[in-house]
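Okay, structure first, notes after.
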Number of protein chains: 2
Amino acid sequence: MDDDPRVRTWAPVCRAVAALLGPYAEVVLHDPGTDRILAVWNPMSARGPGDPSLLGELDALDPAAPDVFGPYEKLLADGRRLSSVSAILRDADGRASVVLCVNLDRTPLEQAAAVLSAFGAPAASRPEPLFEHDWSDRVQHVVGSYVRECGRPVERLTRADRLAVLARLEEARVFAVRRATPVVARALGVSRSTLYGLLAELRAPNTKDHAR
Amino acid sequence: MDDDPRVRTWAPVCRAVAALLGPYAEVVLHDPGTDRILAVWNPMSARGPGDPSLLGELDALDPAAPDVFGPYEKLLADGRRLSSVSAILRDADGRASVVLCVNLDRTPLEQAAAVLSAFGAPAASRPEPLFEHDWSDRVQHVVGSYVRECGRPVERLTRADRLAVLARLEEARVFAVRRATPVVARALGVSRSTLYGLLAELRAPNTKDHAR
DNA sequence: TCCACATTGGACGTAGAGTCCAGCCATGGA
DNA sequence: TCCATGGCTGGACTCTACGTCCAATGTGGA
C-alpha cells in the first residue's frame with residue numbers, strides 16, 4: 001500500500017496533521033475509486049489499509065460536489081464523539097485522487113471544558129439543549145417545507161417526492177423515535193404499508209428488484 | 001448539631017469555601033474535644049455530623065502545634081486522590097475551637113491538565129453543543145454532568161441520585177426514542193428491572209405503596 | 001445475627017415495528 | 001373499449017422489544 005504513488009504524494013501532509021493534533025486525531029486516506037482505505041495515521045478505530053471506507057454519502061467522483069465536507073459528527077462504537085472533516089484531494093488534472101478524513105476525538109476536550117467551567121459556576125447550570133421538544137412538529141415542518149418548495153400539495157406529491165421527503169426525515173433520525181411511523185404516514189397521506197415500501201426502497205437503493 | 005455556637009461562628013466561611021471550589025471540594029468542621037465531626041459541606045465521602053473525625057496525627061490541643069497543616073495527600077476508597085489542608089481555628093481566648101479541613105478532589109483537574117498540556121494549546125472554552133444529533137450522547141451528557149455536580153462516580157450514586165438523573169432524562173424525552181431503556185440502564189449502572197422500578201416511582205410519586 | 005429493602009435475572013403478556021400478499025385503482029397503450 | 005402494468009391499500013402475519021411481575025440474592029442497619 002505504501003508504494004501507491006498517491007500515498008507518497010499526500011503522506012507528508014497527513015503525517016503533519018497527525019503530529020499537530022497529537023494523540024486525539026486520526027488521519028485517514030481513502031481511495032475514491034475502490035472505496036477502500038489507503039493509509040491511516042494515528043488510528044483510533046481498528047481499521048487499516050484495505051478495509052472498506054464506508055464513506056457512503058459523499059461522492060468524490062461527482063465533479064460538481066464541493067471539495068470539503070464537514071465538520072460533522074461521528075460516533076465510535078465505544079461512545080467517543082468525533083468531529084470529522086473530509087476533503088477531496090485532486091491531481092494536476094483536477095481528477096479526484098484521494099479523499100482525506102481527519103477525525104478528532106472531542107471527548108477529552110469536552111471533559112476538560114466541563115470541569116473548568118464547573119469551577120466558575122455557582123449554581124449547577126442545567127445542561128438543557130432540548131431542541132426537539134416535539135418531534136412531530138419536525139415532521140410537519142419537513143413535509144410542509146418540501147410542499148412549499150415544489151408547489152404541490154401533499155396529496156399530489158409524486159413517488160419521487162415522497163422518497164425525497166422520507167430521506168430528509170430519515171436524516172433527521174425521526175424514525176428512531178417510538179410511534180413515529182404512523183404519524184409520518186398520515187403526514188404524507190399514504191398508508192403504513194406504502195411507507196414501509198418507500199423506506200425499504202430508500203434504504204437499499206442498489207437492490208432495485210430481482211430480489212425474489 | 002447546627003445549634004452549636006461554634007458551627008454558627010464558622011459556617012459562613014465553610015459555605016464560602018464549599019461554594020467557591022464547586023463540586024470538587026469537601027469542607028469538614030471537627031470538634032477537637034470529642035474528636036467528632038461537627039458539620040460537613042458538599043460531602044464526598046459518606047461521613048456526617050457525629051462520626052469520628054479520625055484526624056489522628058494532628059493534635060489541636062497542643063498549644064505549640066502550628067495552625068495550618070498540609071496540603072497533604074489523602075486517598076479515598078474509590079481511588080480518588082485528594083489534596084487536603086487542615087487549620088485550627090481559635091476563639092477569642094486563643095483556645096482551639098474547631099478544626100477545619102478542606103479536601104479537594106484532584107483527579108478531574110489532573111485529567112484536564114493532562115489533556116490540555118497534551119495539546120500544548122491554551123484552553124478555548126467551548127460552549128455546550130447545541131445540536132445533539134445522537135440521543136445516546138444526550139444520555140451520557142445528562143448522566144455525566146450529574147456525576148460531576150455531585151462529585152460521585154456513577155457506581156456510587158444513591159437511589160435518590162438515580163431518581164434525579166431519571167427525572168432529567170424523562171424531561172429530555174429520552175424515553176420516547178426506541179431502544180433507549182437498555183442504554184440508560186447501562187449508563188446508570190443498574191439493571192433493566194431496577195430502571196423500570198425507578199421510573200414507576202418517578203411517574204407516580206403519590207402512590208407510595210398500598211397498591212397491592 | 002436477623003430483618004427490611006433494594007437489586008437482580010428471568011419469565012411472561014402485549015404493543016407496536018416491519019413484512020407479506022391478494023385485491024383495487026389509476027394510467028397508458030393497442 | 002379492453003387489457004396490462006405498476007403503485008397503493010387493508011389486513012393478516014411475525015418478531016422485536018417494551019413493560020410487568022416475581023422469586024432469589026445481596027446488602028446495610030439494628
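Treat the numbers as computed from the prediction; the structure is a model and nothing was measured.
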| Side chains of N42(B) and E26(B): is there a donor and an acceptor less than 3.5 Å apart? | no
| note | Assign each of S193(A) and P182(A) the nucleotide of DNA chain C bearing its closest heavy atom; nearer the 5' end lies the nucleotide of P182(A)
| said: Closest-nucleotide mapping onto DNA chain C: is R159(B) or F175(A) further toward the 5' terminus? I mean the 5' end. | reply: R159(B)
Rounded to whole angstrom units, what separation is found between the [atom1] atom of [X] and the [atom2] atom of [N]?
X: R186(A); N: dG10(D); atom1: CZ; atom2: P; answer: 13 Å
X: L166(A); N: dG18(C); atom1: CG; atom2: P; answer: 13 Å
X: R179(A); N: dA15(C); atom1: CZ; atom2: C1'; answer: 9 Å
X: E201(B); N: dA6(C); atom1: CD; atom2: P; answer: 8 Å
X: L163(A); N: dG6(D); atom1: CG; atom2: C1'; answer: 15 Å
X: Y196(B); N: dT20(D); atom1: OH; atom2: P; answer: 8 Å
X: L188(A); N: dG7(D); atom1: CG; atom2: P; answer: 17 Å

| field | Salt-bridge contact R162(B)-E201(B) (side-chain N to carboxylate O under 4.0 Å) | value | no
| message | Once you apply a heavy-atom cut-off of 4.0 Å, does R192(A) come out as touching a base, just sugar-phosphate, or nothing? | response | base
| remark: Side-chain atoms of R162(A) come closest, of dG19(D), dC8(D), dT7(C), to dC8(D)
| message | The side chain of R178(A) is closest to which nucleotide in this list: dC20(C), dA17(C), dG19(D)? | response | dG19(D)
Close side-chain approach of [X] to [Y], heavy-atom, < 4.5 Å:
X: V40(A); Y: V27(A); answer: no
X: V165(B); Y: L188(B); answer: yes
X: R90(A); Y: I88(A); answer: yes

| remark: Of V177(B) and L198(A), the one whose nearest nucleotide on DNA chain D sits closer to the 5' end is L198(A)
| request: Indicate, yes or no, whether a donor-acceptor pair under 3.5 Å links the base of dG16(C) to the side chain of T181(A). | output: no
| So does S191(B) reach the base of dG9(C) with its side chain, donor to acceptor, closer than 3.5 Å? | no
